[in-house]
Every structure is written in structure tokens, then in C-alpha cells.
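Let me begin by presenting the structure, written as C-alpha cells, before commenting on it.
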Amino acid sequence: MSRATSAIAKISNALRSVNATDRVVYKRLLSRVGGDPLIGKPTTVTVLDTVLSPQPAVFAVNQEQVKNATSQASMSLGSYKIIASSESLTKDDLETSNLSFVLKNVAGELIEELFIKSYTPYILDGVVLAWNIFAVSKKRG
Amino acid sequence: MDNKLQNVRDTFLHFLSDNLTGVIVHPRRIDEYDPAGDDFAENAVNVEYVGISLGFISSEQEVALDVIYTNERDAVDVVHQVWTLLSSAFYTPVKDYTVSSTPTTLDKHLVWSSVRFKKVYSGEYTHFVCLMSLKFDTR
């Protein structure tokens, strides 16, 4: 087993144990078909929520982190830091413009939706182990 | 119900997009399904509807055109293209885009007068902005 594969397995197990949020985190993919995008008229909007496995760790950034951020433009109160295993998210996922993260309660009700602002990979031997993602909350259920 | 304001907004967007050859017309709007919907697009003519003034006989819809390009010569070329189009008639018939693929031409026009671009200073882009007023009959 390569070092990277072993590291990914350990990170995924750690994330399963930590469970930093009491919400269930899904990746949401949005697709629009038909209509007239120029004037903002979609005919069919499809929302596909897929539960992430393993669940990522989701933390709200605090005032101290905002103050010490190297780029104030990328972090403000209301931002979230997400650490996700490469088992649950791929580079293609993160580069999808229609991707967001949704947090739902145990009843399946949407509590919060997070949109990606930036992401950085943790890499070992050229393999992505996990993602460090900054996201911002724009919507509350 | 005939939504004159929506028809005017749709008409002007299509007027620009359908007649500016080789130019991306990027509408800026808030859209719950598109978090980047109100971002500026580079190398495009960005169109954002701003103030609205409604009257019994005539009304005005303000619109901001932001020409943002990574190359200054391209930006100037596009400004000239936009001016050429807008000055070709200073009006266009209003259409109803309820069925977008087959818009219906209404018995109304939207008109505009001055087209003035100001430069917005940016270290990364050449950015010209034009704030203009689209006038239309509300009756």
C-alpha cells in the first residue's frame, strides 16, 4: 500500500471519529435545463444532494482566525472551514461551478447552504489526501 | 398579466446579446441557484439593471454596462461596438419573452439617449462603465 493510500485511509477514519458538526453534510449539484439563461428564465432546475462519506469536518471560523488571516478578502465571520477526505470529494467536484454544501438536520431539513470560496489540497507523493476548503454561508433554511 | 418592466429588461438584454458579434454579454443578477450570478465577468459586457422609476405615462429603467477586458485595445474595440449598436437607432421594439424561443413583438418601444462611458481604474483590467436610462411607455 502506498504512503498516500495509507494516509488517506487514516484521514478518513479520523474524520469518521471526529464528526465536528451535528449536521449531516451533503454536496449539492444544481443543473438547469432549457429556458433562457440570458434573461434568467430556467424551465427545469434539478437539485441533487449526495451525502458525503466520510463526513467532512466543518468549523465556523472565529474572530481571531479572521483577524490573523493572510487574506481578509477570503475569510470573514460567516465563513466556514471544511476538511474533507479525498475519498468524499474529487478535484472535479470542487471545480464544478454548481457545487455547494448543504447541512441538514436529522429530519433531512436544510439548515444551511455553504458556497465554496477557495480550496487547497493536502498532498503526499503527488496524491491528494484531503481538501482544506473555505466556504461562506449564504442561505439558511 | 403583461409585465412591461420585465419585457423591457428582457428586450434590452437580447438586443445587446443578439447584435454584438463576438462579444459576451453577461447579465449580473442575484439568483438563488447561481451564487456567482452577480459577479463581474472578464472579457465581457456586463449588464446590471439598477434603479427603476415608474410613472403613469412613461417610466425609466436604469442599466449599467460594464465593459471589462484584460487588454485595453479589446476593451476600446468593444466600447466602440456597443456605441455603434446603440447609436444605430436609439430605440428598439419591446418584445414579450414569455416563450423565449419565439418572442412576441409588442406595439411599444424602449428608447435611450446618451451613451457615456467612464473609466474605472483597476490594476488588473481595463474597465469602462456606462450608466444609461431606458425609457418606455407604461400605458
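All chains are named by letter (A, B, ...) in the order of the sequence lines, taking the proteins before the strands, and each is independently numbered beginning at 1.
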Picking from B:Gly37, B:Ser101, B:Pro27, which has the most non-hydrogen pairs under 4.5 angstrom with chain A?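 Most pairs with chain A among the choices: B:Pro27.
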
Could you tell me the separation between the CZ atom of A:Arg32 and the CG atom of B:Asp31, rounded to the nearest 0.5 Å?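 So the CZ of A:Arg32 and the CG of B:Asp31 are separated by 4.5 Å.
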
Please list every donor-acceptor pair under 3.5 Å in which a side-chain atom of residues 103-121 of chain B meets a protein atom from a residue at least two apart or in another chain.
unit_1   : atom_1 : unit_2   : atom_2 : d
B:Lys108 : NZ     : B:Arg139 : O      : 3.1
B:Trp112 : NE1    : B:Leu86  : O      : 2.9

Using the side-chain contact (heavy atoms from CB on, under 4.5 Å) criterion, which residues pair with A:Thr50? Sequence neighbours excluded.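 Listed in chain order: A:Lys27, A:Leu48.
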
For residues 71-83 of chain B, which side-chain donor-acceptor pairs fall under 3.5 Å, sequence neighbours excluded?
unit_1  : atom_1 : unit_2  : atom_2 : d
B:Asn71 : OD1    : B:Arg73 : N      : 2.9
B:Asn71 : OD1    : B:Asp74 : N      : 3.2
B:Gln81 : NE2    : B:Thr21 : O      : 3.1

Are more than 12 heavy atoms from other residues, nucleotides or ligands located less than 6.0 Å from atom OH of B:Tyr91?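 Open.
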
Let me know if B:His14 has heavy atoms under 4.5 Å from chain A in its side chain, its backbone, both or neither.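 Contact with chain A is through both the backbone and side chain of B:His14.
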
Is [Y] reachable from [X] through a run of I, L, V, M, F, W or Y residues, each pair having side-chain heavy atoms under 4.5 Å apart?
X       : Y       : answer
A:Val25 : A:Ile82 : yes
B:Leu20 : B:Ile24 : no
B:Leu5  : B:Tyr97 : yes

Hey, which residues of residues 33-40 of chain A are touching chain B, say heavy atoms under 4.5 Å apart?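 Within residues 33-40 of chain A, near chain B: A:Asp36, A:Pro37, A:Leu38, A:Ile39, A:Gly40.
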
